[in-house]
There are 2 protein chains.
Amino acid sequence: MDDLDRHIINELRLNGRATYAELGRTVGLSASAVHERVGKLESGGVITGYHATVDPSSIGLGVTALVGIQPSDNAEDNEVAIKLGELVEVESCWAVAGDEAFVVKVRVPTVDELERTLGRLRRIDGVARTRTTVVLSTRFEGRPNTETGE
Amino acid sequence: MDDLDRHIINELRLNGRATYAELGRTVGLSASAVHERVGKLESGGVITGYHATVDPSSIGLGVTALVGIQPSDNAEDNEVAIKLGELVEVESCWAVAGDEAFVVKVRVPTVDELERTLGRLRRIDGVARTRTTVVLSTRFEGRPNTETGE
DNA sequence: GTTGAAATAGACCACTA
DNA sequence: TAGTGGTCTATTTCAAC
């Protein structure tokens, strides 16, 4: 992993559909060389995927919330995490230090559906309580970090 | 926006580098038709971008934290949000309901750097206190929601 | 890593249901 | 108003160097 790799990664974080030819022009390599490097980054687990980002409200997911998951005494974290992942409303899941075992980000169409989702979360075995922070607006999200390349 | 659009969107959320021909095969349209639909979804602000996802620790960002930002009495939220966005360590920023004005996700190389970042956050005008939740592991993040398509 | 050639995909067109 | 199929150009991909 050298500066060229970091440069390529950063370009792909900004534009995941950049062609190898484009990448080659911006980093100063041939398309073939970029192709080979990207393949190694993918198979090496550095690049884990490519995803279109979508305006959530455009697909009917206008309500976002951050929910802290407080575990019950007998909770088995890995099982709880699996259960959390089974709910499609749960978009992200972080295991955290502190009173709570996890913080999850949920996205739902309405506050009614949020209420139902919180009920589902609380019914998971190993979940004692939830603490919900409603997101009023997403100022930015998943912003590419620019310190790793030009 | 019909079911075909939703299907295309979902495919692109799963694989942002899918070709128009591939998309056409999965949704049952010609590549041209998919091309046109995707163009409209992009210009209509439904698809907001394409991004490679990268294993953070592979690019030297092994420490993640969620930080609640408590505003001072005279705080102007929009200005605070702009300042938050100027820190490259801040990857996501949500304005939230409750005591805190924002929750941000920060990613840094080390806990030392986390400490410095928290100092930078606290020095922002309009920030009274921060509350930090250290992420022990990311179980999943930005997982495509599957309820909008097959 | 590079170049060059064949296969593939993208972009744009006129035509059509 | 979309969608189709054809055409041309650019890109991907694989070979040899």
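A, B, ... follow the sequence lines: proteins, then strands. Residue 1 opens every chain. Bear in mind the structure is a predicted one, so any value in this text is a computation, not a measurement.
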Q: Identify, with sequence neighbours excluded, every residue that meets salt bridge (Lys or Arg N to Asp or Glu O under 4.0 Å) alongside Arg120(B).
A: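 Listed in chain order: Glu89(B), Glu113(B).
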Counting only N and O atoms by type, is there a donor-acceptor contact under 3.5 Å from the side chain of [X] to the main-chain atoms of [Y]?
| X | Y | value |
| --- | --- | --- |
| Arg129(A) | Ile69(A) | no |
| Ser72(B) | Gly126(B) | yes |
| Thr130(A) | Arg122(A) | no |
| Arg143(A) | Gly85(B) | yes |

Q | Tyr20(A) six-ring face occupied by Arg17(B) cation (under 6.0 Å, within 45°) | A |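 Yes, a cation-pi geometry holds between Arg17(B) and Tyr20(A).
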What N/O pairs connect the protein and nucleotides 7-11 of chain D at under 3.5 Å? Give each pair on its own line.
from	atom 1	to	atom 2	distance (Å)
dT11(D)	OP1	Arg25(A)	NH2	3.3

Q.
For DNA chain D, which residues of residues 34-41 of chain B approach it to below 4.0 angstrom with any heavy atom?
A.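 Only Arg37(B), Lys40(B) qualify.
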Q.
Filter on salt bridge (Lys or Arg N to Asp or Glu O under 4.0 Å), then keep only pairs touching residues 36-56 of chain B, sequence neighbours left out; what's left?
A.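 Non-adjacent pairs meeting salt bridge (Lys or Arg N to Asp or Glu O under 4.0 Å): Asp2(B)-Arg37(B), Asp5(B)-Arg37(B), Glu36(B)-Lys40(B).
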What nitrogen or oxygen pairs link the protein and nucleotides 13-15 of chain C at under 3.5 Å?
none

Q.
Taking the basic N atoms (NZ, or NE/NH1/NH2) and the acidic carboxylate oxygens, is any pair closer than 4.0 Å for Glu141(B) and Lys105(B)?
A.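 Salt bridge between Glu141(B) and Lys105(B), a charged N being under 4.0 Å from a carboxylate O: yes.
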**Q.** Side chains of His7(B) and Ile9(B) in contact at under 4.5 Å (non-hydrogen atoms)
**A.**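 Answer no - side chains too far apart.
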**Q.** pair Ile47(A)-Thr53(B): side-chain heavy atoms closer than 4.5 Å
**A.**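 No, their side chains stay 4.5 Å or more apart.
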(Q) Any residue in residues 45-54 of chain B with a heavy atom nearer than 4.0 angstrom to DNA chain C? Just list them by number, or reply none. (A)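 Residues of residues 45-54 of chain B under 4.0 Å from DNA chain C: none.
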(Q) I need the CG-P distance between Asp2(B) and dA2(D), as an integer number of Å. (A)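 Between P of dA2(D) and CG of Asp2(B): 9 Å.
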Q) Roughly how many Å is it from CZ in Arg17(A) to C1' in dA9(C), rounded to a whole number? A)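 My rounded result for the distance is 11 Å.
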(Q) Test salt bridge (charged side-chain N to carboxylate O under 4.0 Å, His left out) on Glu91(B) and Arg107(B); report intermediate values, then the result. (A) CA-CA 7 Å; Glu91(B) 191 179 286; Arg107(B) 251 195 241 279; 2.8 Å; yes
**Q.** Distance in Å, His51(B) NE2 paired with Thr48(B) OG1, rounded so as to fall on 0.5 Å steps
**A.**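 His51(B) NE2 to Thr48(B) OG1: 6.0 Å, rounded to 0.5 Å.
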Q) Judged by modelled atom types alone, do Thr110(A) and Asp112(A) share a side-chain donor-acceptor pair under 3.5 Å? A)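 The answer is no; no qualifying pair exists.
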